[in-house]
Amino acid sequence: MAADRAASSHLFWRPGADPPPASAALDRGRANDERASAVRNVHAGLSLTQQRVRLPVFADRRRILYLVETFPTVVIVGHTGCGKTTQIPQYLHEAGWTAGGRLVACTQPRRVAAISVAARVAEEMGAELGAGAVGYAVRFDVRADAERTRILYLTHGTLMREMLADPLLSRFSVVMVDEAHERGASTDLCLALLKKVQRRRKDLRLLIASATLEAEALARFFGGTAPMRMRGPDGAVRLQPPVAVLTLVAARAHPVHRCFLARPCADYVAEAVRAVLELHVQQPPGDVLVFLTGQAEIDAARALLTDAMADAMADAMADGGADAKRRRTSLARHEPAARPTELLVLPLHGGLSRDEQLAAFEPPAPGARKVVLATNMAETSITLDGIVYVVDCGFVKQQIFDAQAGTEALVVAPISRAAAKQRAGRAGRTRAGVCLHLYTQRTHAAMRAATAPEVQRCSLDNLVLQLLSVGIRNVAQFDMPTPPPAAHLACALEKLYALGALTDRGALTSPLGERMAELPLTPLLAAMLLGAVEEGCAREALCVAAMLSVQTVWVGCSHKAQDAARAHFAVYEGDHLTLANVLRAFTRARDAPRWASRRGLDARVLQRAVLVRAQLARFLSRFGLPAENCGRETDRLRRSVVRGFFPHAAQRQVGGEYRAVRGGRRLLIHPRSVLFRAPPEWLVYHEVSQLTNGDEAMIDVCKIEPHWLTELAPLFYEVRTAQRGA
DNA sequence: GAGCACTGC
């Protein structure tokens, strides 16, 4: 097992053998803040060295180096654009922390950030990315040199994988965890494990970069231990308090004027449309960013805006725009002469193809105003230039774990004050901006200060599996930045036990549980794939697992076109088998990108599914498991799906709606499913999402036979029956 | 008969 893991280390490879970053296309649009400010400096005619010295963080260079030498852990509080991500690893490198072949690591929550920051730092250091001192490591894309790389940018997930292969992170002298305030599950897990590693590696230094709000909690997490004996770079051992906090000088940001509603509004989509139209008529040029919760709202808002603009054009022809002057507003009015006349409305959400997403980054034609209708995607993942106005609906769609039902669902929930501030900040990047919050100040005051850490909101089966696989036996007692709810842990343990990943004493089973922990899949998908080996259809299950691991492949704005595309591949067994068909057809197609676009499929997403499938196949062969083909015996593939997804079984009721077999929750088949028009009596679903009317719909469903549940998951269903009887 | 937040391995 240990040998397997060492072999699976993602971080040291054959130099230069990897293809160029596939995600370069969006780099321009998604450019990291520091990169954007560097670009501005290039325009100002500054050399790279001059630019480095001008960054706010430079003033604290010596202090940072002193603290890292002195304290095991340093929490760095710094705002975006201050230069911490690009500069601090270079300072550490220059100060000797990479001597003797050691590495400085800097982790990011997102792939694009890791890649684009590494590219920027390589440029500053005059190094060839991946071949010299700077490299990066993200899934499917590693550019680093085993001998020469000294500064390595990676994602939190990649660092987790590295810890599985090398639990003491023996090649690293310093690990900087960036954007720790986002408190993603993998970030928290990294922090918890790093704290543990540090107890056995007195020379390991940690830097935790966080926004102000979470810094204190993180410092408390790392500071909650007695003084530690630390070995300094001079070799001397000293007793030190475990953590220091350093606040960096904030980067200059433009002020944002934030407005709230006087009275609550009943329909924030309509209110957002009204706000955009008012801004457009009354405010000077500048683009608008509207935050909504999902594709449906974005489509509705787009239709309303388009109609309103058509009406306005007609009105303007009739009375010269007098109507617009009657609209109320909380903002000062500007001379209409300065206002742009045309309104360019662009959607931005995960369901769009890469090209459609890129359209939102294009500057509008001269004289026109751009309105981007976006999901939460625009809050942290991407940065749009030229935004001066932000409209914030105050809600977000997020994953919520329901301990009663034992499953999670996507639901619309109020955002936090920190998120509202982050959204508002998007207006102040180019110049002074305005943010309209579509709720009252009283509502704002009642929002929670910060979004709950993900470990408190999501299903914990993955986290528990990862903890057990790194040797943490008492999961409930494990020291985390925020402890996960006990009830959620209990659900995860029960589910993992029913999946066969745990012994009745709560240890990882061998080899099933160990293999599940190692596969880069959610536990249910991992159980499905490994169950498929038993059923003799792992070849097909690899397709299903890969397709359910990537974003939706059905793209295109019109629902009709999507329906037609799906109908082309649909099979009565359901979405899982349909998706497998799509992937196999894509692989066989001669000109795959063209083949995909002609059928309304996203070739980039399918290409990624091909990579995932290949990676999963390598895991199976490393486990020594065969990937057999079941051909026409599709029952075996559906049985495999049940082996993983039995906790998600549902039965159709008289009225046509469904009830979850476990928990009894009322569910509908999502209209996107190929089984929407042919609902089977029994099925298992992949995920649940809340519809706009509040109903909960199952996304990606598979028709099953009811006796498979008791046959393949007796621990989950028969124990239950016995309890009911007792 | 009505339409899937975002990451990550």
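Numbers restart at 1 for each chain; the letters A, B, ... are given by sequence-line order, proteins then strands.
Scanning atom types as modelled, no donor and acceptor separated by under 3.5 angstrom connect the side chain of A:D695 and the base of B:dG3.
Remark: P of B:dG1 and CG of A:L691 are 16 Å apart, rounded to the nearest angstrom. Between the CG atom of A:N693 and the P atom of B:dC4 there is a distance of 10 Å, rounded to whole Å. One interatomic measurement links the two molecules: CG of A:L668 to C1' of B:dC4, which rounds to 14 Å at whole-angstrom precision. Rounded to whole Å, atom P of B:dG3 lies 8 Å from atom NE2 of A:H670. With rounding to whole Å, A:K397 atom NZ is found 4 Å from B:dA5 atom P. If you measure from atom CG of A:L164 to atom C1' of B:dG8, you get 14 Å, rounded to the nearest angstrom. Atom CZ of A:R677 and atom C1' of B:dG3 are 11 Å apart (whole Å). A:Q357 has its CD atom 13 Å from the P atom of B:dA5, to the nearest Å.
Of the candidate nucleotides B:dG1, B:dT7, B:dC9, B:dG1 has the atom nearest to the side chain of A:F676. Looking at the side chain of A:R161, the nearest of the listed nucleotides B:dA2, B:dC9, B:dC4 is B:dC9. Which of B:dA2, B:dC9, B:dC4 sits closest to the side chain of A:D563 comes down to B:dA2. In the set B:dC9, B:dG3, B:dG8, the nucleotide with an atom closest to the side chain of A:V138 is B:dC9.
With the nearest nucleotide of DNA chain B identified for both A:H349 and A:R608, A:H349 has the one nearer the 5' end. DNA chain B is contacted by both A:G294 and A:Q466; A:G294 maps to the nucleotide lying nearer its 5′ end (nearest heavy atom per residue).
Between A:R139 and A:R111, the closest heavy-atom pair is O-NH1, 2.6 Å.
Contact annotation for A:R457: no contact, since no heavy-atom pair falls under 4.0 Å across all strands. A:R672 comes within 4.0 angstrom of a base, heavy atoms only. Contact annotation for A:G350: backbone-only contact, meaning every heavy-atom pair under 4.0 Å involves sugar-phosphate atoms and none involves a base. Heavy atoms of A:N462 sit under 4.0 angstrom from at least one base atom. Note on A:Q399: a base of the nucleic acid sits closer than 4.0 angstrom, heavy atoms only.
Between A:T158 and B:dC9 there is a side-chain N or O to OP1 or OP2 distance below 4.0 Å. In this model, the phosphate group of B:dC9 is approached by a side-chain N or O of A:R111 to a distance below 4.0 Å at OP1 or OP2. At B:dC9, one or more side-chain N or O atoms of A:T155 fall inside 4.0 Å of OP1 or OP2 (strictly under the cut-off).
Summarising the local packing, CD of A:Q551 is surrounded by 12 or fewer heavy atoms from other residues, nucleotides or ligands at distances under 6.0 Å.
Relative ring orientation between A:H576 and A:F645 is described as perpendicular, the plane-to-plane angle rising above 60° on a 0-90° scale split at 30° and 60°.
Rounding to the nearest 0.5 Å places CG of A:L438 at 10.0 Å from OH of A:Y268.
Proximity of A:Y439 to A:M447: side-chain heavy atoms (C-beta onward) are separated by under 4.5 Å at one or more points.
Geometric assessment of A:R143 against the ring of A:Y136 yields a negative cation-pi assignment under the 6.0 Å and 45° thresholds.
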